[in-house]
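Here the structure comes first, spelled out in structure tokens, and everything after it is commentary.
This chain uses plain numbering: 1 for the first residue, then up along the sequence. Keep in mind the model is a prediction, meaning the values are calculated, not measured.
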Amino acid sequence: MNLKHIFLVSILIANSFIKIQAQSDKTDLKKIEQQLQRSKEFLQKNLDSAMFYANQAQVLSKNISNDTLLAKSNLQKSSVLLFKQGFNEADSLLQQNLTKPLPLHIKGQTLHNLATIQYYKQDFEKALDIYLRAAKTIEKASNSKLLVNTYTNIGTINSILKNFKNARTYLERALPLSEFNETLRLQILVNLSNIYKEQKLYKKFTNTIFEAEELAKKYDSKRSLSAIYNNLSTYYSLGDPGNSDLNYDLSIAYGKKSVAIKKELNFHHSLGLPYNNIGHSYLKKEQYPIAIKYLDSALPGSQGVLRSYIFNNLKESYEGLKDYKNALKFADLKDKHKDSITEAKQKEKVAELTEKFESEKKQQQIDVLDAQNEVQALTIKQQKYILFILGIIGVLVLVLGYFGFKNYKTKQQLNTVVLQQKLRKTQLNPHFLFNALQSIQNFIHKNEKEKSSSYLTSYSKLIRLILEKSDENFSTVGEDILALESYLNLQQLTHNNSFKYHIDMDKNVVEDFDQIPSLITQPFVENAILHGLKDINDGEIRVNYYKEKDTLYVSISDNGKGIQGKKDDSRKLHKSMSMGIIQEQLKNLNRTSKSFEGDIAINSSSEGTNVVLSFTAA
């Protein structure tokens, strides 16, 4: 055989080997995909089988050194581990994925699973941060089926954290993407209906919840139906101005439907809310004995705000029956429960204290009834007359005490309203508002659309925040910063940008959760502008929010001329900042919020003034 023949034979053998190898690789790829698919099919049925097939896919992927399939195998295995609560092992597999370049949809799903681990661990803030990163990655991959799950989880966590605006945004994004999966769509609709009801968007609430009801009936999802009927029961009993569908009979009907399903599912621990809804509706229909029957059934196992509602409904029911003794008892229980919620940081402790208190109360009532029975057995006819007279006197004392207590509460509420009005007047300075509007009007006349739009936005944000927050005792750091930025933006406009401002916040301050007294910083900033920086061209104001241990500080400083040493100037400073109103506000909060402490420190020199506000346990 000559060299030419040998060369041709070698080429044929090499080609045959390459084809065999390619066929082998193709077979392995197909087998890995099959193993992954089988693992997914067993995920809801048998976790051990799901883990077996995920492991097989992982081993095969390593053998052929295919990073993409290995990443998919790690993903599937982490999903199984999430169901088995093997969080540490799942986290390790997902972190391995992130060390290599991956297709966007796989990277996004990896981040999604990492966030789910934190969700199960109830570290909601960390979970939310990772879910947002996952959403950005999956958006780039244009994979709507993956994206709908991530959007849904982001919305759910925001709802848990009471950030209903963000929750609504992401759930509304998820809804149109859920057409391919009606069970997921049902979950989104139920969550959205809760948020619409919370935000009093009743038209959207009814549209959403009735669509959810149809899907729940279609798939016989009794768990969802019990929640839907409970929400409808609450809705039809709401007397809010925006709710035109007030109907106590419907509220009772839906409440009873919810109770029936919960009993069928053996969810006895969650019967408190529908029982309270039914009791509340009977109360409004003035059928007090029936209302009391359902409200008594709602009490066992109830906690937190729900328990306060039940106490209040029981109080009003007994008032309707003119049983003032029991009405006073439940009014007292409601107030004490409210105080315990304010003071306690853990719901479990609140439940234990309330249960113990209820037990002691019941035992006292039993002891009193036993004593009364013994007295009645020993008394004669004349003593009965005396007891009857004493009973009348006792009832009169209770009634007078009740109305005295009610009068005291009314005075407290009136003082709070008067203080809120004073604070609102402090924020809504007519001279400042007029100048701001006039400046915005000038931009409109000059057809400077961007500037006029920007300043109008600041103006509307400021007015909205003042009107909303002046009726509340506390606002978040984020809301305070938003109000200050809007205010300072407008002040720059009215003062021809004669000063600069900087607002800083330390990393350990959580802007959506840390709280300070509502709108307390603006008067100090206003004083810095009107007095500290007066006649100064290069004025500068710095506001810094920071925490040390459990104390939140707000530092407000300027580079103005400071406070002069004369007492008259000091008094002028206090007057200009409405110091009396602010001190009254802090005093009122110290009185109503037992764990709250607020303080003001002012340090001034010729180089400027620094005001430090400190708040503990706001």
Side-chain angles (χ1 to χ4, degrees), residues 19-121 130-131 134 137-138 141-153 174 177-188 215 218-221 223:
K19 285 180 181 179
I20 292 168
Q21 185 64 37
Q23 278 186 333
S24 175
D25 287 349
K26 195 171 182 180
T27 302
D28 285 340
L29 292 174
K30 187 176 180 181
K31 190 173 181 181
I32 292 167
E33 293 289 357
Q34 288 174 344
Q35 303 283 39
L36 289 174
Q37 184 59 37
R38 297 194 73 180
S39 177
K40 289 175 183 177
E41 290 170 359
F42 277 106
L43 191 59
Q44 300 291 341
K45 303 173 187 176
N46 188 314
L47 289 179
D48 290 335
S49 297
M51 181 62 78
F52 172 79
Y53 288 114
N55 282 331
Q56 290 292 315
Q58 188 184 46
V59 170
L60 285 172
S61 300
K62 287 179 180 177
N63 289 341
I64 64 172
S65 302
N66 189 311
D67 287 344
T68 300
L69 283 175
L70 180 59
K72 289 175 74 174
S73 302
N74 287 344
L75 259 176
Q76 180 57 24
K77 189 173 179 180
S78 74
S79 297
V80 180
L81 288 166
L82 282 172
F83 277 93
K84 299 182 71 141
Q85 296 188 353
F87 301 133
N88 291 336
E89 189 179 349
D91 184 85
S92 177
L93 287 171
L94 296 167
Q95 295 295 347
Q96 287 177 28
N97 276 9
L98 294 180
T99 60
K100 300 174 182 177
L102 297 170
L104 286 173
H105 69 283
I106 296 178
K107 182 179 179 182
Q109 187 63 44
T110 299
L111 289 168
H112 178 98
N113 282 14
L114 278 169
T116 304
I117 292 171
Q118 300 306 319
Y119 177 81
Y120 282 138
K121 289 181 177 180
I130 301 173
Y131 273 132
T137 305
I138 299 170
S142 301
N143 191 322
S144 59
K145 287 188 177 181
L146 290 179
L147 195 57
V148 65
N149 289 310
T150 306
Y151 280 164
T152 301
N153 290 357
L177 302 176
S178 64
E179 298 291 346
F180 72 97
N181 187 336
E182 287 191 329
T183 55
L184 178 60
R185 185 176 181 83
L186 171 60
Q187 176 192 340
I188 296 168
L215 285 176
K218 179 178 178 180
Y219 291 98
D220 194 27
S221 177
R223 184 190 293 262

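- Residues Asn153 and His112 have side chains in contact (heavy-atom distance under 4.5 Å, counting atoms from C-beta outward).
- Contacts classified as salt bridge (Lys or Arg N to Asp or Glu O under 4.0 Å) and involving residues 95-109 (residues at least two apart or in different chains) are given here: Asp67-Lys100.
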Stepwise, does the side chain to side chain contact (heavy atoms under 4.5 Å, CB included) test hold for Asn74 with Lys77? CA-CA 5 Å; Asn74 287 344; Lys77 189 173 179 180; 5.7 Å; no
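- Between Leu94 and Thr110, the shortest heavy-atom contact is O-CG2, 3.5 Å.
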Kindly indicate, with the supporting measurements, whether the criterion side chain to side chain contact (heavy atoms under 4.5 Å, CB included) is fulfilled by Lys72 and Glu33. CA-CA 9 Å; Lys72 289 175 74 174; Glu33 293 289 357; 3.1 Å; yes
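- Between atom CD of residue Gln118 and atom CZ of residue Phe87 there is a gap of 9.5 Å, rounded to the nearest 0.5 Å.
- Taking CG of Asn143 as the start and CD1 of Ile106 as the end, the distance is 10.5 Å to the nearest 0.5 Å.
- No more than 12 heavy atoms of other residues, nucleotides or ligands sit less than 6.0 Å from atom OH of Tyr120.
- Residues Leu93 and Gln58 meet the side-chain proximity criterion, which asks for heavy atoms closer than 4.5 Å.
- Summarising the geometry, atom CZ belonging to Phe83 is positioned 4.5 Å from atom CG belonging to Leu43; distances are rounded to the nearest 0.5 Å.
- The environment of Gln34 atom CD is dense: over 12 non-hydrogen atoms of other residues, nucleotides or ligands sit within 6.0 angstrom.
- The shortest distance between side-chain heavy atoms of Ile188 and Val148 falls below 4.5 Å.
- The backbone N or O of Leu75 lies less than 3.5 Å from a partner atom in the side chain of Ser78, making a donor-acceptor pair.
- Of the inter-residue distances, the one linking Asn97 atom CG with Ser73 atom OG reads 9.5 Å to the nearest 0.5 angstrom.
- Two residues are said to be in side-chain contact when any heavy atoms from C-beta on lie closer than 4.5 Å; Met51 and Lys84 meet this criterion.
- Using bins of under 30°, 30° to 60° and over 60° for the plane-to-plane angle, the ring pair Phe42/Tyr53 lands in the parallel bin.
- Between Leu111 and Ala134, the shortest heavy-atom contact is CB-CB, 3.6 Å.
- You'll find the side chain of Leu81 stays beyond 4.5 Å of the side chain of Asn88, heavy atoms only.
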Residue pair Tyr151, Leu177: steps toward the side chain to side chain contact (heavy atoms under 4.5 Å, CB included) verdict: CA-CA 10 Å; Tyr151 280 164; Leu177 302 176; 4.0 Å; yes
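- Rounding to the nearest 0.5 angstrom, the gap separating the CD1 atom in Ile138 from the CG atom in Leu104 is 10.0 Å.
- The distance from the CG atom of Leu215 to the OG1 atom of Thr183 is 9.5 Å, given to the nearest 0.5 Å.
- The number of heavy atoms from other shown groups lying within 6.0 Å of NZ (Lys121) is above 12.
- Using modelled atom types, no side-chain atom of Ser39 and backbone atom of Gln35 make a donor-acceptor pair closer than 3.5 Å.
- The shortest distance between side-chain heavy atoms of Ile32 and Asn66 does not fall below 4.5 Å.
- Two residues are said to be in side-chain contact when any heavy atoms from C-beta on lie closer than 4.5 Å; Ile64 and Leu60 fail this criterion.
- Across Ala141 and His105, no two heavy atoms sit closer than the pair CB-N, 3.8 Å.
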